[in-house]
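These notes are about the structure you will find just below.
First listed ligand is number 1; within each ligand, the first listed atom is number 1.
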Amino acid sequence: MNNDIERILYSEEELNKRMNEMAQEITAEYENDTPIVVPVMTGAMMFSSEMLKRMNFKLNVDIVKASSYVGSKSTGNVKLVQDVKSDVKGRRVILMEDIIDTGRTLKFLKELFEKRGAKSVEICAMLDKPETRVVDLHGDYIGFEAPDEFLVGYGLDYNGFYRNLPYIGVLKRSVYAVS
Ligand code: 5GP
Ligand code: MG
């Protein structure tokens with residue numbers, strides 16, 4: 001598995017350090033509130049569980065599952081594969097995502113929760129690729145700005161693999177290039 005990685009972009013140590021900082025910022029904003037944290041499965045699984053451990057105040061967790069990716073290319077249309085169980089009306093919502101790429105997934109989810117009457121919807125993402133954005137969407141808490149390359153690890157997959165890598169790396173082109 002590790003042999004398929006060209007280089008490591010963010011080590012576990014760097015991720016931990018950055019998550020400590022982000023969690024402090026989020027705590028300052030939400031500690032007197034009871035937000036609903038909504039991890040976007042499956043990619044945000046590792047990042048959100050690490051972040052949640054660092055958020056020491058009352059909150060709910062309710063997942064959604066969205067998909068817009070097949071292989072290593074975005075398909076452009078977002079599907080809600082699994083919805084939240086909670087009523088978000090009047091509640092503050094924090095969407096937690098692995099990476100913002102085109103921005104379509106989070107724009108779709110943000111608007112969905114706003115339509116349902118959420119009091120606020122903020123976005124916390126481990127990575128942001130600002131160069132590849134196609135819709136107007138910004139993250140409120142961002143771990144790192146990432147280059148326009150195909151990344152795996154720390155929840156990010158290629159065809160279901162590599163999610164369990166404890167770091168974020170660039171996948172070797174030879175792994176996904178069709179010759
Ligand atoms: P968006 O809707 O912003 O284009 O896409 C967001 C989703 O695309 C992410 O949740 C993630 O699943 C996927 N994605 C975007 N860039 C990458 C990447 O570099 N690597 C992987 N594995 N997934 C990505
Ligand atoms: Mg995703």
* Glu29: partners by side chain to side chain contact (heavy atoms under 4.5 Å, CB included), with sequence neighbours left out -> Arg92, Glu122, Tyr141
* To do: Evaluate the side-chain proximity of Leu52 to Val61: yes if any heavy-atom separation is below 4.5 Å, no if none is.
  => yes
* What do you reckon, is CZ of Phe57 surrounded by more than 12 foreign heavy atoms closer than 6.0 Å? -> yes
* To do: State the atoms of ligand 1, each with its element, that fall below the 4.0 Å cut-off from a heavy-atom position in Ile99.
  => 6 (C), 9 (C), 10 (O), 11 (C), 14 (N), 15 (C), 16 (N), 17 (C), 24 (C)
* Flag the pair Tyr10 / Phe144 as yes when their ring centroid distance falls below 6.0 Å, and as no otherwise. => yes
* Any sub-3.5 Å donor-acceptor pair from Arg163's side-chain atoms to Tyr154's backbone N or O? -> no
* Looking at ligand 1, does Tyr158 have a heavy atom less than 4.0 Å from it? -> no
* Structure fact -> Numbered in order shown, the ligand 1 atoms found under 4.0 Å of a heavy atom of Asp98 are 9 (C), 10 (O), 11 (C), 12 (O)
* With backbone taken as N, CA, C and O and side chain as the heavy atoms from C-beta onward, which portion of Thr132 lies under 4.0 Å from ligand 1: side chain, backbone, both, or neither? -> neither
* Say whether Gly103, considering both its backbone and side-chain N or O atoms, lies within less than 3.5 Å of an N or O atom on ligand 1. => yes
* Asked: Quick one: does ligand 1 sit under 4.0 Å from the side chain of Glu149, the backbone, both or neither, non-hydrogen atoms only?
  -> backbone
* Expected output: side-chain Asp140 to main-chain Ile123 donor-acceptor under 3.5 Å -> yes
* Report yes if Leu156 has an N/O atom closer than 3.5 Å to an N/O atom of ligand 1; otherwise report no. => no
* Structure fact -> Given the options Arg173, Arg7, Lys129, Glu149 meets salt bridge (charged side-chain N to carboxylate O under 4.0 Å, His left out) only with Arg7
* Would you check whether Lys107 reaches within less than 4.0 Å of ligand 1, judged by its heavy atoms? => no
* Pull out every atom of ligand 1 sitting under 4.0 Å from any heavy atom of Thr105, numbered as shown with elements. => 1 (P), 2 (O), 5 (O), 6 (C)
* Looking at ligand 1, does any of its N/O atoms fall within less than 3.5 Å of an N/O of Glu97? -> yes
* To do: Pull out every atom of ligand 1 sitting under 4.0 Å from any heavy atom of Asp157, numbered as shown with elements.
  => 21 (C), 22 (N)
* Is there a donor-acceptor contact under 3.5 Å from the side chain of Asp62 to the main chain of Ser86? -> yes
